[in-house]
Number of protein chains: 2
Amino acid sequence: MDFTTARRLNQLLTSVYGDILRVEELALRKSQFKDISIKEVHAIDAISMYEHKTTSQVARELRITPGTLTTMVNHLVRKDYVMRLRSDDDRRFVRLGLTRRGRLIYRAHESFHRHMVESFAGDMNDEQLHFIEKALLNLQAFLEFADPTAKK
Amino acid sequence: MDFTTARRLNQLLTSVYGDILRVEELALRKSQFKDISIKEVHAIDAISMYEHKTTSQVARELRITPGTLTTMVNHLVRKDYVMRLRSDDDRRFVRLGLTRRGRLIYRAHESFHRHMVESFAGDMNDEQLHFIEKALLNLQAFLEFADPTAKK
DNA sequence: TGCTATTATTTTGATATTGGAACTATTTGA
DNA sequence: TCAAATAGTTCCAATATCAAAATAATAGCA
């Protein structure tokens, strides 16, 4: 790959990268959900709608310590986005779930991402999509090589 | 675009996205530059090697307030990565530059990014590269539409 | 020339995020 | 039965950040 192309591509990746979080944050400020940060939304996203994961499970997914998640969940419970459900089979576990309000924002965030992917790849044909996916998998492999704990 | 493909692509983008910073941080911990965070490296990157930008210029690029940059620069000066150079023509301005050590890390970071882009697009032909660039520009346009201040 | 407004940066005070260590509650297993 | 292990929480310290006030320098105008 030609040097200036590599440079241009890198700049493009970097600027896109930097903008995503900021745009998400901004969208929140303009929405009906003004009392929540993008990190909290990502916690809600990890907690997810269809199963009740435990605290450590979610913390591991978000790559934060359980202590940090506890305080996030405290805030999210106070703001009525998240519920704590004690497991009955093993009462050490706390299972997390979304309230009605939490489910609303979960769907809004999902929709933002769907639009983002559409803007990126909406008009591609199957072959092109496959090609993109391949490139991203290469990038993922590079990152996993640099840090083996990145594997899911 | 098919629903499950969109989903898969989104997950891929999200996981790659989340891993980049973490891998960069990890690479630092294992390098000779243990006293510096990834945010500080990005500040060094913005300060850059070949011109002496002012504090506000760099702060604007990094999208942080000048006050925040001042404290970052204080740390980076103390750790011998960055120099403050007072402009002689207008003594209100502070111009920023890299020390020998700062230039070292600048190049290391540049190299990390080059490898990352290579892993992503190293074996593509011109047509494919053009296609990728187009897709990224679409994504950028989407983000700029969502937040007009994203424009450079 | 001598103020006054403007501009660039720094300082200060407050808030938020995070990790790590100590602690509590519960379960497991010898 | 009780010591060890496990899940979660609490508490403390470190860091990052912003907004507003303070400081320093310059520009422009009467």
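Each chain gets a letter, A, B and so on, in the order its sequence line appears, and its residues count up from 1. No experiment lies behind these values; they were computed from the predicted model shown.
- Distance, B/His42 NE2 to D/dT15 P: 20 Å, rounded to whole Å.
- Put simply, CG on B/Leu69 is 18 Å from P on D/dT15, counting in whole angstrom units.
- Judged by distance alone, the side chains of B/Glu25 and B/Ser37 never bring a donor and an acceptor atom under 3.5 Å apart.
- Rounded to an integer number of Å, the gap from CG of A/Asp89 to P of C/dT26 is 14 Å.
- Note on A/Thr55: only backbone sugar-phosphate atoms sit closer than 4.0 angstrom, heavy atoms only; bases stay farther off.
- Computed from coordinates, the A/Phe93 CZ to D/dT9 P distance equals 12 Å when rounded to whole Å.
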Checklist entry - Could you write nucleotides 16-24 of chain D as a row of B, S and -, 5' to 3', where a protein heavy atom under 4.0 Å of any base atom gives B, of only sugar-phosphate atoms gives S, and otherwise -? => result SBBS-----
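- Nearest to the side chain of A/Asp90, among C/dT27, C/dT10, D/dT9, sits C/dT27.
- For the pair A/Asp35 and A/Arg101, the salt-bridge criterion is met [side-chain N within less than 4.0 Å of a carboxylate O].
- In this structure, the CD atom of B/Gln57 is 10 Å from the P atom of C/dA8, given to the nearest Å.
- Between B/Asp35 atom CG and D/dA14 atom C1' there is a gap of 16 Å when expressed in whole angstrom units.
- With ring centers used as reference points, B/Phe142 lies 6.0 Å or more from A/Phe120.
- Put simply, CG on A/Leu76 is 13 Å from C1' on C/dT17, counting in whole angstrom units.
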Checklist entry - For A/Leu28 and A/Ile105, what are the C-alpha separation, side-chain angles and deciding distance, and is it a side chain to side chain contact (heavy atoms under 4.5 Å, CB included)? => result CA-CA 10 Å; A/Leu28 285 173; A/Ile105 208 165; 4.2 Å; yes
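- Taking CD1 of B/Ile36 as the start and NE2 of B/His109 as the end, the distance is 10.5 Å to the nearest 0.5 Å.
- Residues B/Arg95 and B/Glu51 are not paired through a salt bridge, judged by the lack of any N-O separation under 4.0 Å between the basic side chain and the carboxylate.
- Counting any heavy atom pair closer than 4.0 Å across all strands shown, B/Arg95 reaches no nucleic acid atom.
- For A/Lys53 and A/Glu61, the salt-bridge test passes: some basic side-chain N is under 4.0 Å from an acidic carboxylate O.
- Here the C1' atom of nucleotide C/dT27 and the CG atom of A/Asp88 are 15 Å apart, to the nearest Å.
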